[in-house]
Student: 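Following this message is one structure expressed as structure tokens.
From a predicted model like this one, the values you see are computed outputs, not experimental measurements.
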Amino acid sequence: MLSGSLTATMKAVVFDEGSSWSLEQISIPVPGRGEVLLRPIRVGVCGTDEHLLHGGFIAKFPLIPGHEIVAEVAAYGDGTTGPAVGSEVVVDPTVFCGDCPSCKRGQPGYCASFGSLGCDRSGGFADYMIASASKIFPTGGLHPDIAVLTEPTACALHGVDVLALKPASDVLIFGAGPTGLILAQLLRMAGAARVTVAAPTASKLAVALKQGANHAVQIDRANPDAAAEELRRIAPEGFDAVIEATGSTSVLELGLSLTRNGGTVLVYGLAGENALAVVKPYEVFSRELTIKGSFAQANCIGRALFALQSGQISTAGIVTSVVNLDQFQTALDNLHDSEQIKSVVIPTRP
Ligand SMILES: [Zn+2]
Ligand SMILES: [Zn+2]
């Protein structure tokens with residue numbers, strides 16, 4: 001199936017038990033019926049990868065991570081067809097069983113055995129990978145530098161679906177990472193008349209403003225009260241919706257206090273599994289607050305790709321670092337560099 005000139009092994013980043021990882025030379029996987037062999041050409045690095053490295057989320061070791069994937073079709077398994085070999089596709093990494101009560105109710109996002117390429121099975125930080133042929137989407141000529149943001153856009157889109165804004169809403173987003181920046185734009189498409197982004201890093205807030213945010217408020221980590229005051233000045237009655245996209249419990253608590261009566265807080269950021277936030281039931285009751293959550297995405301890849309293809313969502317300024325597999329540690333380190341927004345891996349060619 002592979003041409004004879006190709007070696008039978010490939011490079012892959014492999015996460016192991018005990019928070020360790022290595023670059024390994026392993027066999028190129030062989031696609032079975034219904035599967036496609038892909039050559040990843042851009043793979044985004046995400047905070048989830050770090051959670052996985054330390055055994056969090058749904059990690060299963062050994063693991064080839066990488067779930068934000070643009071790839072070239074290399075070959076199909078027996079009896080399987082799809083976009084032409086050589087064409088560029090975006091991968092929907094989610095895997096649903098199709099058989100559990102949630103799947104049968106048409107709610108695969110709550111699948112009892114929810115899985116994802118790059119999280120509990122092999123993903124894209126490798127020269128080759130396997131995906132289900134039913135989960136690839138032709139990029140339609142969209143540049144891979146933009147297409148690589150499809151999966152984060154799909155997750156943000158799910159958050160927007162969950163939030164279900166009313167037209168002319170006043171929205172506040174905590175966090176100006178890739179997700180916060182994409183959410184800020186999607187929310188404008190979904191009914192926000194004004195979007196305020198609050199985050200600690202000035203350079204990220206500058207990107208948010210360039211992408212159309214109405215207000216950017218810098219949070220001084222040493223003195224978050226100053227930002228809270230500024231946010232209260234912007235929306236004295238509170239915001240219709242507040243999105244917590246940082247994973248910080250204190251930010252979630254602040255967000256609740258900045259929500260208008262009858263408003264909604266969306267928990268989007270990934271907090272530790274055992275993290276606790278203080279919520280006053282009386283406040284939720286008397287101010288009729290709604291607290292919602294948004295987890296991953298299900299079947300949002302096609303729409304996310306369309307949002308990027310339409311040009312309505314700008315990705316300018318989001319990718320701040322491009323590395324190859326040999327430099328994967330740099331990409332991990334970048335997750336702790338507040339000036340970095342998104343790192344992208346271009347795997348080496350065999
Ligand atoms: Zn991700
Ligand atoms: Zn299921």
Side-chain angles (χ1 to χ4, degrees), residues 46-48 50-52 54-58 109-110 114 155-156 158-166 169-181 183-184 187 192 194-201 204-205 208 213 215-297 335-336 338:
C46 147
T48 302
E50 172 135 80
H51 285 275
L52 292 165
H54 301 301
F57 194 39
I58 52 175
Y110 308 136
F114 175 90
C155 292
H158 176 67
V160 171
D161 287 346
V162 168
L163 189 57
L165 280 186
K166 284 185 185 151
S169 290
D170 193 8
V171 180
L172 166 63
I173 301 171
F174 284 105
T179 290
L181 292 170
L183 266 172
L187 287 163
R194 183 169 70 164
V195 174
T196 301
V197 180
T201 310
K204 294 183 183 178
L205 291 173
H215 293 286
V217 174
Q218 191 169 8
I219 301 173
D220 177 357
R221 287 186 208 266
N223 178 23
D225 291 349
E229 257 170 56
E230 192 177 342
L231 291 167
R232 282 195 187 95
R233 263 197 303 277
I234 291 171
E237 292 166 34
F239 295 89
D240 295 300
V242 176
I243 293 144
E244 200 303 288
T246 71
S248 155
T249 54
S250 57
V251 168
L252 175 60
E253 290 165 4
L254 174 62
L256 277 161
S257 75
L258 293 170
T259 305
R260 182 198 294 272
N261 290 347
T264 302
V265 172
L266 179 69
V267 180
Y268 190 98
L270 177 55
E273 253 175 77
N274 299 312
L276 297 172
V278 176
V279 174
K280 292 182 196 141
Y282 183 80
E283 192 185 356
V284 175
F285 160 78
S286 61
R287 303 214 294 116
E288 298 201 335
L289 301 179
T290 301
I291 301 174
K292 291 181 168 181
S294 173
F295 165 74
Q297 60 90 22
L335 292 170
H336 299 279
S338 60

Student: Side-chain contact test, heavy atoms from C-beta onward, threshold under 4.5 Å: evaluate it for I234 versus L172 and give yes or no.
Tutor: no
Student: Going by heavy atoms in the side chains, are I291 and V267 under 4.5 Å from each other?
Tutor: yes
Student: Ignoring hydrogens, what is the shortest heavy-atom contact between T48 and F57? Give both atom names and the distance.
Tutor: CG2-CD2, 3.7 Å
Student: Where the side chain of S248 meets the backbone of V251, is there a donor-acceptor pair that is under 3.5 Å apart?
Tutor: yes
Student: What heavy-atom pair brings A184 and V197 nearest, and what distance separates the two atoms?
Tutor: CB-CG2, 4.1 Å
Student: Under 4.5 Å between any side-chain heavy atoms of L270 and H51, yes or no?
Tutor: yes
Student: Distance-only, no hydrogens or angles: does the Y268 side chain make a donor-acceptor pair with backbone N or O of G180 under 3.5 Å?
Tutor: no
Student: Would you check if the side chain of Q218 reaches a backbone N or O of D220 as a donor-acceptor pair within less than 3.5 Å?
Tutor: no
Student: If you measure from CD1 on I58 to CZ on F114, what distance do you get to the nearest 0.5 Å?
Tutor: 5.5 Å
Student: Any side-chain heavy atom of L183 sitting closer than 4.5 Å to one from V160?
Tutor: yes
Student: Could you report the tightest heavy-atom contact between C155 and S294, atom names first, then the distance?
Tutor: O-OG, 4.3 Å
Student: Between L205 and A199, what is the shortest heavy-atom contact and its length?
Tutor: CD1-O, 3.5 Å
Student: Look up atom CG in L252 and atom OG1 in T246, then write down how far apart they are to the nearest 0.5 Å.
Tutor: 8.5 Å
Student: Can you tell me how far the OG1 atom of T264 sits from the CG atom of L256, to the nearest 0.5 Å?
Tutor: 10.5 Å
Student: Starting at CG of L163, measure out to CG of L187 and round the result to the nearest 0.5 Å.
Tutor: 6.5 Å
Student: Let me confirm one number: the CZ-CD distance from R233 to E229, rounded to the nearest 0.5 Å.
Tutor: 6.5 Å
Student: Considering non-hydrogen atoms only, spot the tightest contact between R232 and L258 and give its length.
Tutor: CG-CD2, 3.6 Å
Student: Looking only at non-hydrogen atoms, find the nearest pair between D170 and A235 and report the distance.
Tutor: OD2-CB, 3.8 Å
Student: Sub-3.5 Å donor-acceptor pair from the side chain of R287 to the main-chain atoms of T259, do we have one?
Tutor: yes
Student: Does the K292 side chain pair with the main chain of G159, one donor and one acceptor, at a distance under 3.5 Å?
Tutor: no
Student: Does the side chain of V265 reach to within under 4.5 Å of the side chain of L289, using non-hydrogen atoms?
Tutor: no
Student: Should we count CD of E237 as having more than 12 external heavy atoms under 6.0 Å?
Tutor: no
Student: If we ignore hydrogens and angles and just use 3.5 Å, is the side chain of E253 paired with the main-chain N or O of V278 as donor and acceptor?
Tutor: yes
Student: Checking E283 side chain against S286 main chain: does a donor-acceptor pair fall under 3.5 Å?
Tutor: no
Student: Side-chain contact test, heavy atoms from C-beta onward, threshold under 4.5 Å: evaluate it for L254 versus S257 and give yes or no.
Tutor: yes
Student: So, do V162 and L266 sit near enough that their side-chain heavy atoms are less than 4.5 Å apart?
Tutor: yes
Student: Find the distance between CG (L165) and CD1 (I243) and round it off to the nearest 0.5 Å.
Tutor: 6.5 Å
